[in-house]
Amino acid sequence: MDFRLTPDQELMRDSIRRLVERDVDPLLEQHDPDQPLPKSAFLAVFGKLAELGLTAARLPQEAGGPGITMLDYGIMFEQIPPAIGLSLIAHEATTSRLNADCNDGQRRRFLPDLIAGRKIGCTGSTEPDTGSDPRGIKTRLTQQGDSLLLNGRKMWITNVSAADLILVTCLDCRGGAPRGQVVKVVVERAQSPFEAREIDTIGLRQGMLGEAVFDDCKVPLANLVESPAGGTEVLKVSWAVNRPLFGLLAVHLAQRACDIAMDYAKVRKQFGKPIAAHQLVQKNLSDIVTAITASRLLCLHALSLVDQGRAADGAAAMAKRYAQNACREAVWQSMNVLGAMGLSTEAKVEALYRDIRMLPVPDGTNEILALIHGRELTGFAAFRGSGRVAD
Ligand SMILES: Cc1cc2nc3c(=O)[nH]c(=O)nc-3n(C[C@H](O)[C@H](O)[C@H](O)COP(=O)(O)OP(=O)(O)OC[C@H]3O[C@@H](n4cnc5c(N)ncnc54)[C@H](O)[C@@H]3O)c2cc1C
């Protein structure tokens, strides 16, 4: 086992760090910290991320991706500010789902603009009455002449307010059945307009999280996704990567809080010496760095399992859940190191605390992640019934 980055990985990490410093951080600073960035700003950043292959990181080279490992992706991803990182996960995971699920004609139509970062994509599964248990979705697809009609509501969808394209999970009710099979359809906003609005949330306020309403939304039949790869398999692979990436968003936030706390502890003096020289402050700083390091390693380990083609569901769930909890505590401890200053908006740690609060929910709440890990450990699925996984 070798925990060093390879020279190539160091190069990738340094390239994205430079890109963030040059193109992303100034953009975030220019805009209102409490409002979603305008679409033009997201497109500008996506265009830059596309140059490093990150808008299609999971795609193989022959499909237009960069051909990097998921471990490489994680190392680079950690450097991206979370308001952008959240948006990138949604966009890039949609690109990878479309690549896996679509036929050749659909790939040719949808993928080039998403890969190049010229258009923004997202995936809509969650609904007002359906969250952790996706079987309850109600959005319905029917047919009218040569077109499909979509009716329903999707909620808590990253990117939806600015998205050019949304991959919608819905029920195929074309045969007249009240609850048909679950299918997916690509809704392109330019030809199938739908309403969308932002939802005001506690953190990641420069990011996008919204609701979409499909009211007799007319979609071409050619946009129905037949999913030759098998929808469930694609979702599982996408979760096994998404979850450690969400963990790395938490690592990014905790690392920033830690850097602020470390600098402050060296200059702030109490009882005649820098607070960094007090034993309990050192213990707090040690706890913070331990939490960040352990979280980072768990997330990278889960991604490396995906690269090796090994079972990664449990490791990915464990990594995300641990990282949310440990890094939230690390941000909290960092605030404490700053005393009252930690509570001020000026010190910028309180914003990190609000941002990190957003992360335990998407792609599996902490409870659901514990059940996924527990299922892998015991062979029993605790979600529904009491059956063994194999039953
Ligand atoms: C930042 C962010 C980004 C998101 N992006 C997207 C997106 O792009 N696309 C999309 O479709 N959705 C997205 N979501 C929605 C997200 O996937 C759901 O919010 C999540 O699945 C939880 O669903 P819920 O909020 O309805 O909570 P619920 O499922 O209603 O859960 C409520 C509470 O009950 C607990 N609970 C539920 N079932 C069990 C159980 N069996 N055992 C124990 N506890 C249980 C949960 O852990 C939680 O604490 C996003 C959400 C956030 C916050």
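Just so you know, ligand 1 is whichever comes first in the structure, and atom 1 is the first atom listed for that ligand. Count residues from 1 along the sequence.
- For atom 50 (C) of ligand 1, the nearest protein heavy atom is under 4.0 Å away.
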Anything under 3.5 Å between a donor and an acceptor, one on a side chain of residues 35-51, the other on a protein residue two or more places apart or in another chain? List them.
{"residue": "Lys39", "atom": "NZ", "partner": "Ala162", "partner atom": "O", "Å": "3.1"}
{"residue": "Lys39", "atom": "NZ", "partner": "Asp164", "partner atom": "OD1", "Å": "2.7"}
{"residue": "Lys39", "atom": "NZ", "partner": "Asp164", "partner atom": "OD2", "Å": "3.3"}

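- The shortest N or O to N or O distance between Thr158 and ligand 1 is under 3.5 Å.
- The pair Glu188-Lys119 does not meet the salt-bridge criterion, since no charged nitrogen lies less than 4.0 angstrom from a carboxylate oxygen.
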Using distance only, find each side-chain donor-acceptor pair of residues 362-372 under 3.5 Å and give its atom names and separation, not counting sequence neighbours.
{"residue": "Asp363", "atom": "OD2", "partner": "Asn242", "partner atom": "ND2", "Å": "2.8"}
{"residue": "Thr365", "atom": "OG1", "partner": "Ile368", "partner atom": "N", "Å": "3.3"}
{"residue": "Asn366", "atom": "ND2", "partner": "Asn325", "partner atom": "OD1", "Å": "3.1"}

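- Heavy atoms of Leu371 approach ligand 1 to within less than 4.0 angstrom.
- The residues Arg256 and Asp259 are annotated as not salt-bridged, no charged nitrogen and carboxylate oxygen being separated by less than 4.0 angstrom.
- For atom 39 (C) of ligand 1, the closest non-hydrogen atom of the protein is Ile368 CD1, 3.8 Å.
- Protein heavy atom closest to atom 25 (O) of ligand 1, with residue, atom name and distance, is Val361 CG1, 4.2 Å.
- Glu127 and Thr139 share a donor-acceptor pair across their side chains, judged by distance under 3.5 Å alone.
- Put simply, atom 33 (C) of ligand 1 has no protein non-hydrogen atoms near it, under 4.0 Å away.
- Distance screen at 4.0 Å: atom 12 (N) of ligand 1 has a protein heavy-atom neighbour inside the cut-off.
- At least one N or O atom of Ser132, backbone or side chain, sits closer than 3.5 Å to an N or O atom of ligand 1.
- A donor atom on one side chain and an acceptor atom on the other are not found under 3.5 Å apart for Gln9 and Arg4.
- Nearest protein neighbour of atom 14 (N) of ligand 1, counting heavy atoms only, is Trp156 O, 2.9 Å.
- Between the side chains of Asp307 and Ser304, no donor-acceptor pair is found at a separation under 3.5 Å.
- Within ligand 1, the atoms closer than 4.0 Å to a non-hydrogen atom of Thr123 are 7 (C), 8 (O), 9 (N), 10 (C), 11 (O), numbered from 1 in the order shown.
- Between Glu211 and Lys154, none of the side-chain N atoms (NZ, or NE/NH1/NH2) sits under 4.0 Å from a carboxylate O, so this pair counts as no salt bridge.
- The ligand atoms of ligand 1 that sit less than 4.0 angstrom from a heavy atom of Asp363 are 17 (O).
- Using a 30° and 60° split on the angle between ring planes, Tyr353 and Trp332 fall in the tilted class, from 30° to 60°.
- Of the possible polar contacts, one joining the Glu92 side chain to the Arg58 backbone as a donor-acceptor pair under 3.5 Å is found.
- Distance remark: protein heavy atom present below 4.0 angstrom from atom 47 (O) of ligand 1.
- Among all non-hydrogen protein atoms, the one lying nearest atom 1 (C) of ligand 1 is Pro362 CG, 3.8 Å.
- Scanning all protein heavy atoms for the shortest distance to atom 17 (O) of ligand 1 gives Thr126 OG1, 3.6 Å.
- At a distance under 4.0 Å, a protein heavy atom can be found next to atom 4 (C) of ligand 1.
- Closest to atom 26 (O) of ligand 1 by heavy atom, among Pro82, Gly210, Gly131, is Gly131.
- Residue-level proximity to ligand 1 for Leu359 is absent, since no heavy atom of it falls below 4.0 angstrom.
- Among Lys154, Met358, Glu367, the residue whose heavy atom lies nearest to atom 44 (N) of ligand 1 is Glu367.
- Taking a cutoff of 4.0 Å between a charged side-chain nitrogen and a carboxylate oxygen, Glu350 and Arg354 qualify as a salt bridge.
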